[in-house]
**Q** 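First, the structure itself, so that you have it in front of you.
Predicted model only: the values in this text are computed from it and were never measured. As a basis for the values below, the full set of heavy atoms in this structure was taken, side chains included, without hydrogen atoms, waters or symmetry mates. Below, read A as the first sequence line, B as the second, and so on, with proteins coming before strands; counting in each chain starts at 1.
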Number of protein chains: 2
Amino acid sequence: MEIERCSCTVVHEDVVEKVKDMMPEEERLYDVAELFKVLGDTTRIKIICALFESEMCVCDIADLLNMSQSAVSHQLRVLKAARLVKFRKEGKIVYYSLDDEHVKMIFDLGLLHVSEE
Amino acid sequence: MEIERCSCTVVHEDVVEKVKDMMPEEERLYDVAELFKVLGDTTRIKIICALFESEMCVCDIADLLNMSQSAVSHQLRVLKAARLVKFRKEGKIVYYSLDDEHVKMIFDLGLLHVSEE
DNA sequence: TGAACATATGAACATATATTCATATGTGAG
DNA sequence: CTCACATATGAATATATGTTCATATGTTCA
């Protein structure tokens with residue numbers, strides 16, 4: 001028993017077929033969405049934006065954003081999982097920096113989009 | 001009475017100051033995060049990806065993604081609010097297409113990032 | 001005008017997620 | 001070894017958000 005999803009009778013089947021062939025794999029699309037989801041949070045965008053300028057330790061970031069150390073650490077974890085930031089340890093201090101060159105480009109394009117008009 | 005946000009004593013004040021000067025306005029960062037949040041959903045990414053290939057009506061999209069017309073319409077509303085898609089009406093059919101050239105570039109960079117290794 | 005249909009929308013519900021709080025881990029200094 | 005400190009993490013809570021269901025809007029055609 002099939003669930004009726006599209007009640008419309010006039011579907012442009014040729015278009016749908018053509019598009020279906022061109023669509024990347026489901027998993028790829030999921031991963032891309034996941035990446036943008038990570039970028040889609042004010043706190044994380046601020047962290048990334050800060051790291052454009054300089055590597056920073058967790059305390060620096062917490063101080064800059066006026067947030068708790070814990071909250072920052074949690075978000076750095078998410079950024080790290082998305083391979084957006086990397087870190088180096090110097091004694092007990094952990095310095096975070098950007099892991100990727102694309103991020104700057106993606107961010108700039110995003111900024112451009114929201115800045116238009 | 002001030003809430004203690006960063007309990008750390010060793011903050012690199014010079015770095016924090018320098019970064020603070022370089023940070024875009026709070027509002028801009030909020031908008032950028034908002035844009036990526038819109039891109040950060042599987043359904044919406046699929047819709048955008050489909051529209052790379054061709055304009056489509058709501059029914060086409062619902063059929064392609066095997067989703068309800070209502071769910072698709074709700075998501076198109078979000079995409080429209082973010083100025084990512086535009087539409088034209090032809091009788092009772094509404095055709096959606098991409099509103100922006102950046103989106104393709106942003107998407108491709110995202111795809112590149114998640115495709116690496 | 002009225003029926004059929006494509007799309008939009010509001011409310012409700014279920015799920016995801018960001019921050020807080022408490023605490024654990026790991027490192028350097030004495 | 002022990003204390004102080006920078007960071008990480010788990011559980012809990014509050015909030016945001018995607019989909020469904022029911023229904024409204026608007027257009028075409030008879």
**Q** Could you check which of C:dA8, D:dA6, D:dT20 has an atom nearest any side-chain atom of A:C59?
**A**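 Within the option list, the nearest is D:dA6.
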**Q** Look at the side chain of A:V58 and decide which nucleotide, out of C:dT7, D:dT19, D:dT7, has an atom nearest to it.
**A**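 Output: D:dT7.
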**Q** When you measure only distances, ignoring hydrogens and angles, does the side chain of A:H74 come within 3.5 Å of the base of C:dT20 through a donor and an acceptor?
**A**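 For A:H74, whose side chain was compared with the base of C:dT20, there is a donor-acceptor pair (under 3.5 Å).
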**Q** When you check the phosphate oxygens OP1 and OP2 of C:dT27, does a side-chain N or O of A:K89 lie under 4.0 Å from one of them?
**A**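 No, because none of the side-chain N or O atoms of A:K89 sits under 4.0 Å from OP1 or OP2 of C:dT27.
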**Q** Can you tell me if the side-chain N/O atoms of B:R77 get under 4.0 Å from OP1 or OP2 in C:dT9?
**A**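 Affirmative; the distance criterion is met.
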**Q** Centres of the B:Y95 and A:H12 rings: under 6.0 Å?
**A**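 Yes.
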**Q** Is the distance between the ring centroids of B:F52 and B:F107 less than 6.0 Å?
**A**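 Yes, they do, as the ring centres are separated by less than 6.0 Å.
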**Q** Of the non-hydrogen atoms in B:Y96 and B:L51, which two are nearest, and what is the gap between them?
**A**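 Result for this residue pair: O-CD2, 3.4 Å.
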**Q** Check if the side chain of B:Q69 and the base of C:dA8 share a donor-acceptor pair of N or O atoms closer than 3.5 Å.
**A**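 Present.
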**Q** Report yes if a side-chain nitrogen or oxygen of B:K92 is closer than 4.0 Å to either non-bridging phosphate oxygen (OP1 or OP2) of D:dC29; otherwise report no.
**A**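 False: B:K92 side-chain N/O out of range (4.0 Å or more) of D:dC29 OP1/OP2.
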**Q** Look at the side chain of A:K37 and decide which nucleotide, out of C:dT7, C:dT17, D:dT7, has an atom nearest to it.
**A**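 The listed nucleotide nearest to A:K37's side chain is C:dT17.
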**Q** For the base of C:dA18, is there a side-chain donor-acceptor partner from A:Q75 under 3.5 Å away?
**A**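 Such a pair does not exist between side chain and base.
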**Q** Output yes when at least one side-chain N/O atom of A:S70 is less than 4.0 Å from OP1 or OP2 of C:dC21, else no.
**A**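 It does not, given that no N or O in the side chain of A:S70 lies less than 4.0 Å from OP1 or OP2 of C:dC21.
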**Q** Any Lys/Arg nitrogen of B:R83 or A:E116 sitting under 4.0 Å from an Asp/Glu carboxylate oxygen of the other?
**A**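 Looking at B:R83 and A:E116, the cut-off is not met.
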**Q** Starting from P on D:dT19, measure out to CZ on B:R44 and report it in whole angstrom.
**A**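 Taking atom P of D:dT19 as the reference, CZ of B:R44 is at 8 Å.
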**Q** Return no unless some side-chain N or O of A:Y96 is found under 4.0 Å from OP1 or OP2 of D:dA8.
**A**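 Affirmative; the distance criterion is met.
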